[in-house]
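Below, chains carry the letters A, B, ... as their sequence lines are ordered, and counting in each starts from 1. Computed over heavy atoms, backbone and side chain alike; hydrogens, waters and symmetry mates excluded. Quick caveat: nothing in here was measured; it's all calculated off a predicted structure.
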Amino acid sequence: MGERRVWVWTEIASDAPHRLSLELFTPARALGRAEAVVLGLTSEQALEQLGEFGAQLVHYAADPIYAQFLVEPHVATLTSLIESERPDLLLFPSTPTARDVLARLVGQLGRGAIANAVALDYDTSGRLLATVPCGADALATVTLEGPLPHLVQLRPKAYAAEAVGGQTEVCLVDLPVAETSCRVRVIETVEQSAAGPNLEEATVIVAGGRGLGRAENFRLLEELANTLGGAVGASRAVVDAGWVPYRYQVGQTGRTVKPTLYIACGISGAIQHVAGMRGSRYVIAINTDPDAPIFELADLGVVGDALTIVPKLTERIRAR
Amino acid sequence: MKICVCVKHVPDPNLPVQVDLDTRRLVRDPAHCILDPGDEYGVETALRLVEAHGGEVVVVSMGPPAAEDALRRAMAMGADRAILVSDEALAGSDVLATARALAAAIRPEQPDLVLCATESTDAYTGLLPGALAALLDLPQLTFARTVAVEGNIVTVQRATETGYQLVQAALPALVTVTASVGEPRYPSFKGLMAAKRKPLITRGLAVLGVELREVGERGARERVLEVREVRQVKQGRIVVEDGTGSSIEEILAFLRSIQMV
Ligand SMILES: Cc1cc2nc3c(=O)[nH]c(=O)nc-3n(C[C@H](O)[C@H](O)[C@H](O)COP(=O)(O)OP(=O)(O)OC[C@H]3O[C@@H](n4cnc5c(N)ncnc54)[C@H](O)[C@@H]3O)c2cc1C
Ligand SMILES: Nc1ncnc2c1ncn2[C@@H]1O[C@H](COP(=O)(O)O)[C@@H](O)[C@H]1O
């Protein structure tokens, strides 16, 4: 058996490879020969960047049709590519479009798939091993049976993107897209202003929960975050209450973050919240309830009122 | 217009998740299971469309006999009838096997629209709807913030990472909805009473013509090899603010120790 061929479903966002796709070249390189699949028009720089992250080959379909119709053309092309090229493993990032394509591929090919993986490996007998969270307190090791390729979707930040420097070969995919697969038409694409925190990239996150009492008190977190050069995050309880927009939300149904420091203020530490921040290097929790579960993962837990502690802390740091 | 809504009976998300380390499956005590809160948005969307255009709402679930509870709840909200796909051989089904069973139940209904939630609260793979769409050969419109039907065209505002897209397809189609489609209604007392008498049929695999080797443990491609507990309790330092601001000095000392200030 030759080297395993590991394909990365590569999405392009504003003419650059999506950061969640770039992360997947790290496991792809470790497990075999990394190759990228790009369906839709993009720039030469974007293709070159894939080489820098370790793609040895890019299967590239330079056709605008992939932006005009959703999912089915992508699945049809991917199915033909799989049949002719026979890759061993396909990796998908946790983006909406990748999920759509993967889900339909499961039905189309009659294959199993693993979603939400946080780590991937093969055992000595060549069996695929994926680690998947199972509730808040357990990890499952899962494998796939049946014909190749195996299909796996990885959680954000499961691996760090690494530019390793390299050049890629581009293999143009020239498969006609059948009209019958052009059923879901994109009428309009609207970008909404992306103002707000960039939680994924922040090294410090100051996050607030219902314990802050009301929306106005988030200002206190912003001031602390500013002094520490960080961003503000939130629990779903306060997003649901309309105090801050959805893009602030950390957790199972929000962002997955891995900052160096996470300061949780007035957050109880529900499993769904913890799912999005347990990868933080250090955690400070401020909560009035000494039994709050968030203290279980705090390096420093402060039992007290966040509304008085946070502004005083900001003041002290500024005074330095 | 006939709408099939896929709903799932899931462990109450407000209770801690339990995994049976021996069988390596989620513990689903039927007494602590409810209609998936995410699926209420699918039911609500279907009810609103049928109120506007006429038609029928059929709720469909695959699960053990206790899943009838979730279907009754959906009928209490207003769905007209229910199909429960239930068979002992279905235990241990993965996404593909579940999609095959649901497809077999939905296909003869020939619905105009199939609705699912974006992801289930217990499994949250979000893979079932797309697999089902492929098996039923329906176009899939996903992550809907709004769903509108005009004539035989369905138009959806599809949430993206940076905004949204307006996407369109001809019926029949499958749509997955998000919580933005609108607050689900709460069943009225009358609705709760009526739901007890609404028709619910249970379909086993033989009736559906699904091959045993395609479903359940045997049909599953995904195998759980091991489940291990990772409840890591950090033995961090806990301090109590006593009103003197002592805890602030503690925080500063900690920030210094990790070179944050
Ligand atoms: C399917 C599903 C998905 C979910 N996804 C997410 C998700 O992605 N992210 C998420 O966050 N949640 C999610 N949740 C919700 C989650 O279960 C919790 O309900 C939520 O995280 C609670 O938010 P909270 O900690 O702000 O509020 P609460 O649980 O109400 O906690 C408030 C805390 O503040 C403390 N407090 C009160 N006053 C003060 C004060 N003055 N100073 C300091 N502390 C104070 C209290 O002691 C308490 O511990 C999800 C739930 C479900 C069912
Ligand atoms: N066993 C099931 N019975 C009926 N519908 C289901 C079932 N499993 C999943 N679904 C539907 O598919 C959606 C996504 O589920 P999942 O792929 O498990 O995250 C759910 O919200 C339901 O609408």
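Interface remark: B:A99 contributes no atoms to any contact with chain A (heavy atom separation under 4.5 Å). Neither the backbone nor the side chain of B:T176 comes within contact range of chain A; no heavy atom of the residue lies under 4.5 Å from a heavy atom of that chain. Contacts between A:L139 and chain B at a heavy-atom distance below 4.5 Å involve backbone atoms as well as side-chain atoms. Proximity to chain A (any heavy atom under 4.5 Å) is shown, for B:Y164, by both the backbone and the side chain. Contact annotation for B:L138: only backbone heavy atoms (N, CA, C, O) come within less than 4.5 Å of a heavy atom of chain A. For a residue to count as touching a neighbouring chain, one of its non-hydrogen atoms must lie under 4.5 Å from one of that chain's; by this rule A:E188 touches chain B with backbone and side chain alike. Interface residue A:V71: only side-chain heavy atoms are found under 4.5 Å from chain B. With a threshold of 4.5 angstrom between heavy atoms, A:T131 approaches chain B through side-chain atoms but not through N, CA, C or O. Of the atoms belonging to B:T178, not a single heavy atom falls under 4.5 Å from chain A. For chain B, the nearby part of A:R320 is the side chain; its heavy atoms alone come within less than 4.5 Å. Only the side chain of A:I284 comes within less than 4.5 Å of a heavy atom in chain B; its backbone stays farther off. Of the two parts of B:L255, only the side chain, counted from C-beta on, holds a non-hydrogen atom closer than 4.5 Å to a non-hydrogen atom of chain A.
Nearest approach of B:I251 to A:L300, heavy atoms of both residues: CA-CD2, 3.7 Å. Scanning both residues, A:P245 and A:V239, for their nearest heavy atoms gives O-CG2, 4.0 Å. Contact between B:A170 and B:A173 at its shortest, heavy atoms only, is O-CB, 4.1 Å.
Top candidate by heavy-atom pairs under 4.5 Å with chain B, chosen from A:H150, A:Q252, A:Q153, is A:Q252. Comparing A:S94, A:A115, A:A285, A:G146 by how many heavy-atom pairs each has under 4.5 Å with chain B, the most go to A:A115. Heavy-atom pairs under 4.5 Å with chain A peak, among B:T160, B:L135, B:L128, B:I258, at B:I258. Taking chain B as the reference chain and counting heavy-atom pairs below 4.5 Å, the highest number among A:T288, A:V142, A:T189, A:V190 is found for A:V190. If you tally non-hydrogen atom pairs under 4.5 Å between each of A:V106, A:N116, A:T203 and chain B, the highest count goes to A:N116. In terms of heavy-atom pairs under 4.5 Å with chain B, the best-connected choice from A:V75, A:V302, A:V186 is A:V302. Interface summary for chain A: among B:G236, B:A179, B:A131, the most heavy-atom pairs under 4.5 angstrom belong to B:A131. The greatest number of non-hydrogen atom pairs below 4.5 Å with chain A, out of B:R100, B:Q165, B:E214, B:Q140, is found for B:Q140. Ranked by heavy-atom pairs shorter than 4.5 Å toward chain B, the options A:S181, A:P290, A:G110, A:G304 are led by A:G110.
In the displayed structure, A:R185 atom CZ is contacted under 6.0 Å by at most 12 heavy atoms of other residues, nucleotides or ligands.
The aromatic rings of A:H273 and A:Y262 sit tilted relative to each other, their planes meeting at an angle between 30° and 60°.
Ion pairing between a basic and an acidic side chain is recognised when a charged N comes within 4.0 Å of a carboxylate O; B:R185 and B:E40 show no such pairing.
There is no side-chain donor-acceptor pair under 3.5 Å between A:Q249 and A:R236. A side-chain N or O of B:T121 and one of B:D36 form a donor-acceptor pair less than 3.5 Å apart. In the model, B:R158 has a side-chain atom that pairs as donor or acceptor with a side-chain atom of B:T142 under 3.5 Å.
Using a 4.5 Å heavy-atom cut-off against chain A, the contacting residues of residues 241-250 of chain B are B:E241, B:S247, B:I248, B:E249, B:E250.
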